[in-house]
J.: 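Pasting a structure here, questions to come.
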Amino acid sequence: MEITEGESTAQILDRVLGENGLRYDNTGSVDSSFYLSWILDEAGSLTAEFPEISLKHAEEQGIKITNPRRRATLGEFDYTNHQSGWMYTLNNDMPNVGMSDTEPKDGDVIRIRFTAMKGDLCSGNGYVDDPFVPNVNGDSITKLLAEFNGREDKEELLEYANVQKAYEGAVAAISDITCEQTAVDAAEQA
């Protein structure tokens with residue numbers, strides 16, 4: 001996506017969600033201490049299927065997984081009360097400041113992901129002391145997918161079976177929290 005020099009991560013998120021007709025709630029403001037609280041999910045498509053590794057971790061830690069989703073939103077305290085919510089990384093680092101306090105530069109990668117419990121997302125700055133999933137740098141494959149998704153000839157290219165297979169493999173690899181770095185790198189290469 002295009003960004004304007006000096007635009008914060010919060011301003012970019014606000015613009016992108018708005019352009020795509022998505023509503024959200026936050027604490028702070030786009031100018032100060034922004035935290036994404038929830039995204040409206042009118043279609044009910046934002047549901048979680050927990051991989052075995054997450055279920056095992058929750059059981060070991062005594063974390064109860066429920067589905068207390070309020071209305072049609074996905075946000076903080078959904079599924080668990082153990083630090084679930086929206087997190088962001090900027091160049092594979094989880095900044096310890098709100099989205100309004102970071103200004104991406106040309107070529108930077110922003111990833112905004114939902115975490116059900118601390119330890120299921122890993123990136124930079126020691127946010128997760130004891131992760132239970134592989135610590136994978138997904139920026140390069142995310143950037144590649146974004147570039148491909150932005151191509152005018154994307155649909156035409158996806159008609160080729162090998163391109164479709166590689167694309168689906170890349171999406172699956174970056175979506176699977178149990179994927180090791182070698183698998184993500186192989187999917188990116190393909």
Side-chain angles (χ1 to χ4, degrees), residues 8-10 12-14 16-18 20-30 32-102 109-139 141-142 145 170-181 183-184 187:
S8 73
T9 304
I12 295 167
L13 177 69
D14 177 68
V16 170
L17 291 178
N20 288 284
L22 297 170
R23 295 186 337 202
Y24 68 91
D25 192 26
N26 61 283
T27 58
S29 69
V30 292
S32 176
S33 302
F34 183 95
Y35 170 73
L36 178 62
S37 300
W38 54 256
I39 293 178
L40 182 63
D41 178 30
E42 292 177 298
S45 61
L46 298 175
T47 60
E49 292 182 26
F50 291 91
E52 187 60 37
I53 193 169
S54 296
L55 296 173
K56 181 180 177 193
H57 177 77
E59 183 178 337
E60 290 171 354
Q61 300 299 314
I63 298 170
K64 184 177 179 184
I65 297 175
T66 61
N67 188 1
R69 292 187 53 200
R70 303 166 304 277
R71 301 180 312 272
T73 64
L74 179 62
E76 59 185 348
F77 310 120
D78 286 342
Y79 297 108
T80 71
N81 286 328
H82 283 64
Q83 301 174 345
S84 62
W86 291 98
M87 301 292 293
Y88 82 107
T89 57
L90 178 60
N91 298 323
N92 203 50
D93 182 51
M94 280 187 184
N96 58 0
V97 295
M99 289 184 203
S100 54
D101 300 313
T102 55
V109 176
I110 303 166
R111 292 188 291 155
I112 299 170
R113 302 176 285 169
F114 181 78
T115 178
M117 63 191 90
K118 187 174 183 180
D120 66 358
L121 298 179
C122 306
S123 292
N125 92 354
Y127 170 74
V128 178
D129 297 328
D130 189 21
F132 63 92
V133 299
N135 191 359
V136 172
N137 185 333
D139 280 1
I141 194 170
T142 299
L145 284 166
V171 170
I174 197 61
S175 301
D176 182 355
I177 66 171
T178 65
C179 248
E180 298 283 345
Q181 187 71 56
V184 171

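In what follows, every heavy atom counts, from backbone to side chain, and hydrogens, waters and symmetry copies are set aside. In what follows, residues are counted from 1 in the order of the sequence shown.
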J.: Is a donor from one side chain sitting under 3.5 angstrom from an acceptor on the other, for Ser84 and Asp78?
T.: no
J.: Can you tell me how far OH of Tyr35 sits from CE of Met99, rounded to the nearest 0.5 angstrom?
T.: 8.5 Å
J.: Determine whether Phe34 and Leu13 make a side-chain contact, defined as any pair of heavy atoms from C-beta on separated by less than 4.5 Å.
T.: yes
J.: Test your reading of the model: is there a side-chain donor-acceptor pair from Asp176 to the backbone of Ala172, 3.5 Å cut-off?
T.: no
J.: With respect to Thr115, which candidate in Thr80, Ile177, Asp120 satisfies the side chain to side chain contact (heavy atoms under 4.5 Å, CB included) definition?
T.: Asp120
J.: Does Ser33 offer a backbone N or O that forms a donor-acceptor pair with the side chain of Ser100 under 3.5 Å?
T.: yes
J.: Considering residues, nucleotides and ligands other than Glu59, do more than 12 of their heavy atoms fall under 6.0 Å from its CD?
T.: no
J.: Rounded to the nearest 0.5 Å, how far does CD1 of Ile112 lie from CG of Leu17?
T.: 7.0 Å
J.: Looking only at heavy atoms, what is the nearest atom pair of Ala58 and Ile65, with distance?
T.: CB-CD1, 3.8 Å
J.: Between Ala173 and Ala183, what is the shortest heavy-atom contact and its length?
T.: CB-O, 4.4 Å
J.: Rounded to the nearest 0.5 Å, what's the gap from CZ on Arg111 to CE on Met94? Could you check?
T.: 8.5 Å
J.: Please step through side chain to side chain contact (heavy atoms under 4.5 Å, CB included) for the pair Thr178 and Glu52, ending with a clear verdict.
T.: CA-CA 9 Å; Thr178 65; Glu52 187 60 37; over 6 Å; no
J.: Please examine the side chains of Trp86 and Tyr24, heavy atoms only from C-beta on, and report whether any two atoms are closer than 4.5 Å.
T.: no
J.: To the nearest 0.5 Å, tell me how far Asn135 CG sits from Gln181 CD.
T.: 8.5 Å
J.: With side chain to side chain contact (heavy atoms under 4.5 Å, CB included) as the test, would you mind laying out the steps for Thr102 and Tyr88 before giving the verdict?
T.: CA-CA 11 Å; Thr102 55; Tyr88 82 107; 3.3 Å; yes
J.: Testing the basics here: between Val184 and Cys179, what is the closest heavy-atom pair and its distance to 0.1 Å?
T.: CG2-CB, 4.0 Å
J.: Would you mind reporting whether Asp139 and Asn91 have side-chain heavy atoms less than 4.5 Å apart?
T.: yes
J.: What is the ring orientation for His57 with Phe132, classed by angle as parallel under 30°, tilted 30 to 60°, or perpendicular over 60°?
T.: parallel
J.: From Ile174 CD1 over to Ile141 CD1, what is the distance, rounded to the nearest 0.5 angstrom?
T.: 5.5 Å
J.: Nearest 0.5 Å, please: how far is CD1 in Ile39 from CG in Asp25?
T.: 11.0 Å
J.: Would you say the side chain of Leu74 lies within less than 4.5 Å of the side chain of Tyr79, judging by non-hydrogen atoms?
T.: yes
